[in-house]
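Within every chain, numbering begins at 1; the chains are lettered A, B, ... in the order of the sequence lines, protein sequences first and strands thereafter. Just the heavy atoms: all of them, side chains too, but no hydrogens, waters or symmetry mates, feed the values below.
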There are 2 protein chains.
Amino acid sequence: MTRSVIQDFVTSDHDHDSCIDAALARAQAVCRARGERLTPQRRQVLELVWRSHRPVKAYDLLERLSTSGRRAAPPTVYRALEFLREAGLVHRLESLNAFIGCPRPDIRHSAQFLICTRCGAVAEMDDASLTAKIDANARRLGFKVDDEKIEVNGTCRACRERDAAL
Amino acid sequence: MTRSVIQDFVTSDHDHDSCIDAALARAQAVCRARGERLTPQRRQVLELVWRSHRPVKAYDLLERLSTSGRRAAPPTVYRALEFLREAGLVHRLESLNAFIGCPRPDIRHSAQFLICTRCGAVAEMDDASLTAKIDANARRLGFKVDDEKIEVNGTCRACRERDAAL
DNA sequence: AGGAAGCTTGTTATAGTATCACGCACTCAC
DNA sequence: GTGAGTGCGTGATACTATAACAAGCTTCCT
């Protein structure tokens, strides 16, 4: 059994700042390797994404991008998000119209998410055997897979325990 | 190995009308079993969804819902789609903001789609072992699964063969 | 038949998500 | 320095979805 949890549900006791710093450092490295620029704008958007540790909406980012009073326009944030997505630095959660930071931009992997509908927390998985199975099913139909997304809705442990306590 | 293909990519030689009729008949049965009403409005939306045999956008449906010259308003079609979705008669493709008819509304199953980004065709799968694997992964994190969606982008056989012929 | 309750639909307005198109500024190679 | 490529600002607009309230229809009870 491969280790499949890329990012577990975040608990309140983790070191937020160092976790964001690490993400930004990884991003810098990824961009350098790709020969692309992590501009201040892109960097700021990525930081905002990580600061929430939850799926973030584009327009929420926009509000927080209040550069010196002036309100940024939508293309600003969408361009940054698109850049980050292509670099594998953020994922888009299709069922939420929201974005979340990817903790492992260095390795190519398919997107597999557990989304708690109670608290909004998200865990990211990367079970290669799942991917392999999907590929095999697709191949049987002559279908060539480019990329796949798995989004699972449910309730995380913390929320279930909180519910049980009532 | 369970049979996992619920709906293969539709070829041009299938009998479209009878396939729509069958879908409507199944819908009628499902609604009866659920004690709900397949009103003319809902029925018409479902028929339009099936008539395309591809993912359909809500506003496209809206245009085609030209009831005697009068143009329907968005809530009309969204309400019908929501009803159909809850009854398991249509699926929503999150990555496309589009809807597609479900050929097996009678059996509960998770949504697994192969989406051809070239021609837009979609195949629906139901590989129970995939679902089981996801459930197992989730359980290991204490996560209780409600429902899951798998959307796979790629190229279908027909499009690949067409490309190869060039 | 009368009438209450609940479901279904119509309608207007608005919220939320995303892209287009144009122009300017910056960078970097030559 | 100049031309190509890239990044960003800005205004407009397209696309997707829901809120809120009113009106009509069904069902079921009496």
Applying the 4.5 Å side-chain criterion to the ILVMFWY set and letting contacts propagate, would B/L65 and B/L89 be lumped into a single cluster?
-> yes

Atom CG of B/L96 and atom CZ of B/R54: how far apart are they, to the nearest 0.5 Å?
-> 12.0 Å

Interatomic distance, B/L62 CG vs D/dT16 P [rounded to whole Å] = 11 Å

note: A/L81, atom CG; D/dC8, atom P; distance rounded to Å ~ 12 Å

Within 45° cone and under 6.0 Å: A/R43 NZ/CZ vs A/W50 ring = no

May I ask you to check whether B/H91 and B/F113 place their ring centres under 6.0 Å from each other?
-> yes

Do B/C159 and B/R162 come within less than 4.5 Å of each other through their side chains, counting heavy atoms only?
-> yes

Of residues 32-40 of chain B, the positions that come close to DNA chain C - non-hydrogen atoms, cut-off under 4.0 Å = B/R37, B/T39

Any side-chain donor near an acceptor of the partner, A/E151 and A/S95, under 3.5 Å | yes

Measure from CD on A/E86 to C1' on D/dT6 and round the result to the nearest Å.
-> 14 Å

Are A/K149 and A/D147 within salt-bridge range, i.e. N to O under 4.0 Å?
-> no

Round to the nearest Å and state the distance from A/Q44 atom CD to D/dG9 atom P.
-> 10 Å

With B/V122, the side chain to side chain contact (heavy atoms under 4.5 Å, CB included) member among B/V152, B/L114, B/V10, B/I115 = B/I115

Round to the nearest Å and state the distance from B/L61 atom CG to D/dT16 atom P.
-> 11 Å

Polar atoms only, N or O, under 3.5 Å: list the protein pairs with nucleotides 17-20 of chain D and their distances.
from   : atom 1 : to    : atom 2 : distance (Å)
D/dA17 : OP1    : B/R92 : NH1    : 2.5
D/dA17 : OP1    : B/R92 : NH2    : 2.9
D/dA17 : OP2    : B/Y78 : OH     : 2.9
D/dA17 : O5'    : B/Y78 : OH     : 3.4
D/dA17 : N7     : B/Y59 : OH     : 2.7
D/dA17 : N6     : B/Y59 : OH     : 3.4

Give a yes/no on whether any side-chain N or O of A/T76 is located under 4.0 angstrom from OP1 or OP2 of D/dG9.
-> yes

Nearest-Å distance for atom pair CG/P, residues A/L65 and D/dG9 = 9 Å

Does the distance from a Lys or Arg side-chain N to an Asp or Glu carboxylate O, for B/E82 and B/R79, drop under 4.0 Å?
-> no

Using whole Å, report how far CG of A/L93 lies from P of C/dT17.
-> 13 Å

Just how far, in rounded Å, is P of C/dA18 from CG of A/L96?
-> 11 Å

Output yes when at least one side-chain N/O atom of B/K57 is less than 4.0 Å from OP1 or OP2 of D/dC15, else no.
-> no

